[in-house]
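On a predicted model such as this, the values are computed, not experimentally measured, just so you know. Lettering of chains follows the sequences in order, A, B, ..., and the numbering in each one begins at 1. Heavy-atom basis, side chains included; hydrogens, waters and symmetry copies ignored.
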Number of protein chains: 2
Amino acid sequence: MQISELARRTGVPVATVKYYLREGLLPQGELTGATRARYGEDHVERLRLVRALLGPGGLSVARARAVLAAVDTPDTSVHAALGAAHRALPGVGAEGPADLEQARSVLRRRGWRVAEDSPALVALAGALEALRAAGAAPTDELLDRYAEAAGRIGEQDVAEVPTGSVAEAVRFVVVNTVLLEPVLLALRRLAQEDASRRRFPGDC
Amino acid sequence: MQISELARRTGVPVATVKYYLREGLLPQGELTGATRARYGEDHVERLRLVRALLGPGGLSVARARAVLAAVDTPDTSVHAALGAAHRALPGVGAEGPADLEQARSVLRRRGWRVAEDSPALVALAGALEALRAAGAAPTDELLDRYAEAAGRIGEQDVAEVPTGSVAEAVRFVVVNTVLLEPVLLALRRLAQEDASRRRFPGDC
DNA sequence: AACTCTAGAGAGTGTCACTATCCAATGTCG
DNA sequence: CGACATTGGATAGTGACACTCTCTAGAGTT
């Protein structure tokens with residue numbers, strides 16, 4: 001198919017498809033002449049993935065490129081792909097060396113072991129720092145309960161990774177890591193709304 | 001204190017403080033003359049809150065203004081403040097009427113009741129739509145497990161709301177709703193990293 | 001008197017994700 | 001065959017956003 005059909009089938013403007021091609025988010029089509037290229041079903045699928053990462057996933061073009069690079073590298077291990085996805089996710093704008101102590105203590109109590117320079121660890125420390133700066137320092141009890149719930153989810157995420165092929169597993173990890181975040185946040189808000197309705201009945 | 005000291009104490013440039021004043025994120029200081037105004041401790045605290053919402057909280061200036069409006073309205077009910085915070089949060093770029101069915105079915109199974117036009121519900125539907133578009137449609141089992149974990153957290157969030165004064169409660173709700181999201185996401189990523197290390201041992 | 005600081009307003013900056021325009025070279029259709 | 005549309009590729013422009021800079025007149029400080 002030509003670029004116009006690729007654009008039509010995905011609802012993405014042609015100019016934008018060209019932009020993604022230039023930015024390396026979408027592989028080049030097969031050139032059939034100096035002014036013609038052919039695109040296939042895999043381009044449709046890839047383009048949809050790109051749009052999902054950029055839109056709901058909330059990634060920047062640069063971060064999406066990094067994520068997709070992991071998807072495209074055939075010899076990536078699953079664990080490495082997870083790391084790549086985590087590095088690509090917007091953590092908290094790490095300014096200066098945040099205080100990692102409270103973050104580490106949560107991990108210790110849970111028995112979790114992660115890389116020394118894990119971006120998620122830095123992100124957690126930054127988020128805690130922000131809470132303290134806003135005058136709402138979280139207690140260890142609160143963090144532990146959050147960690148327990150998060151642990152259940154993370155455990156399940158990893159357990160579900162398919163073992164068929166590495167490429168399939170890597171794609172699964174990347175998509176689920178990024179695109180299930182908004183799902184989790186939305187569910188938390190819905191749970192809050194329901195709990196709030198029950199606790200403050202008069203306010204509806 | 002003067003604006004320069006307010007800026008120095010919070011580490012925010014004077015020009016930026018002025019910008020926040022203009023945008024209505026920070027209340028005006030008490031004018032002591034045509035070219036002088038006085039700021040107090042509450043301004044320091046508010047400015048830190050603004051920075052937390054804009055930075056780690058990930059809110060835009062417009063959304064932060066909406067959130068702070070709820071904090072500033074003295075007769076806000078706690079439930080309404082939660083709603084205001086939810087509306088201000090970036091959901092998923094709601095394009096067109098997404099399919100709410102799967103989202104609603106999760107709520108039904110959990111017994112949660114929320115407003116018909118709850119922004120969180122729309123956000124959930126949008127996030128599910130994105131997953132389907134990316135070719136990774138989530139199963140109901142997966143959603144239920146996510147919902148169970150999210151329910152635990154949302155329940156706790158609401159249970160912890162202080163009952164002293166409405167103003168205090170509203171501030172608590174807003175801060176925790178917004179600033180605990182990055183904490184939850186970071187903890188999930190850490191749990192994934194730990195689980196991944198255990199499941200794919202060779203890859204570290 | 002010299003100097004620094006202020007409030008307030010307007011304009012400028014850098015980044016980002018597109019979006020529009022051009023060009024020459026093909027395709028396609030009648 | 002020829003009119004017309006489309007393409008790849010490159011360059012430039014756009015609009016939103018969060019600052020950031022500059023300017024002015026006035027006021028406090030030394």
Side-chain angles (χ1 to χ4, degrees), chain A residues 1-40 43 47-68 88-90 92-93 95 130, chain B residues 1-40 43 47-68 88-90 92-93 95 130:
Chain A
M1 88 191 73
Q2 306 200 139
I3 197 172
S4 54
E5 190 181 346
L6 176 60
R8 195 174 39 71
R9 279 191 48 194
T10 54
V12 179
V14 172
T16 306
V17 175
K18 285 185 173 184
Y19 170 64
Y20 293 158
L21 286 166
R22 258 192 326 254
E23 291 292 327
L25 301 181
L26 207 55
Q28 298 292 334
E30 182 194 350
L31 284 172
T32 63
T35 67
R36 221 41 58 129
R38 195 161 42 215
Y39 304 91
H43 284 91
L47 185 47
R48 286 204 238 267
L49 174 59
V50 167
R51 290 294 269 196
L53 293 180
L54 293 183
L59 300 194
S60 68
V61 167
R63 289 181 188 281
R65 187 167 35 228
V67 167
L68 292 167
L89 286 168
V92 173
E95 52 208 271
Chain B
M1 85 190 74
Q2 307 203 139
I3 197 172
S4 55
E5 190 180 346
L6 176 60
R8 194 175 40 71
R9 280 193 45 193
T10 54
V12 179
V14 171
T16 305
V17 175
K18 286 185 173 185
Y19 170 65
Y20 293 158
L21 286 167
R22 253 185 325 221
E23 291 293 325
L25 301 182
L26 207 55
Q28 299 293 335
E30 182 194 350
L31 285 173
T32 64
T35 66
R36 219 49 53 134
R38 195 159 43 212
Y39 304 92
H43 284 92
L47 185 46
R48 285 204 239 265
L49 174 59
V50 168
R51 290 295 269 195
L53 293 180
L54 294 183
L59 300 193
S60 67
V61 166
R63 289 180 188 280
R65 187 167 37 225
V67 167
L68 292 168
L89 286 168
V92 172
E95 54 207 89

Could you state the CD1-C1' distance from A/I3 to C/dA25, rounded to the nearest angstrom?
16 Å
Taking only the side-chain heavy atoms of B/R22 (C-beta and beyond), determine which of D/dA18, C/dG10, C/dT19 contains the nearest atom.
C/dG10
Taking atom CZ of A/R22 and atom CD of A/Q28, what is their separation to the nearest 0.5 Å?
10.5 Å
Checking all strands, does A/L54 fall into the base, sugar-phosphate, or nothing category for heavy-atom contacts under 4.0 angstrom?
sugar-phosphate
Are B/Y39 and C/dA7 close enough that a side-chain N or O sits under 4.0 Å from OP1 or OP2?
yes
I want to verify a distance call: between D/dT11, C/dG27, C/dA17, whose nearest atom is closest to the A/R36 side chain?
C/dG27
Taking the side chain of B/T16 as its heavy atoms from C-beta onward, which of C/dA17, D/dG8, D/dC19 lies nearest to it?
D/dC19
Atom-pair distance (CG on B/L59; C1' on D/dC17), nearest Å
14 Å
Is there a side-chain contact between A/M1 and A/H43 in this structure, where contact means two heavy atoms from C-beta onward sitting under 4.5 Å apart?
no
Would you say a side-chain N or O of A/Y19 is under 4.0 Å from OP1 or OP2 of C/dC16?
no
Nearest listed nucleotide, side chain of A/A34, among D/dT20, C/dT26, C/dT6:
C/dT26
Could you tell me the separation between the CZ atom of B/R63 and the C1' atom of D/dA18, rounded to a whole number of Å?
15 Å
Nearest-0.5 Å distance that lies between atom CD1 in B/I3 and atom CZ in B/R38:
15.0 Å
Starting at atom OH of A/Y20, determine the distance to atom P of C/dC16, rounded to an integer number of angstrom.
15 Å
Calculate, to the nearest 0.5 Å, the distance between atoms OG1 and CG belonging to B/T10 and B/L49 respectively.
12.5 Å
Give the nucleotide from the list D/dG26, C/dA17, D/dT7 with an atom nearest to the side chain of B/T35.
D/dG26
Among the candidates C/dA7, C/dC5, D/dC21, find the nucleotide nearest to the side-chain atoms of B/A15.
D/dC21
For D/dG9, take OP1 and OP2 only and decide whether either is under 4.0 Å from a side-chain N or O of A/Q28.
yes
Atom-pair distance (NZ on B/K18; P on D/dC23), nearest Å
13 Å
In whole angstroms, how far is the C1' atom of D/dG8 from the CD atom of A/E30?
15 Å
Nearest-nucleotide 5' precedence on DNA chain D, B/P13 against A/S4
A/S4
Shortest side-chain distance from A/Q2, nucleotide among D/dT6, C/dA17, C/dA20
D/dT6
Separation between CG of B/L54 and CZ of B/R63, rounded to the nearest 0.5 Å
12.5 Å
How many Å lie between CZ on B/R65 and P on D/dC17, as a whole number?
10 Å
Output the rounded distance in Å from CD (A/E5) to P (D/dT7).
10 Å
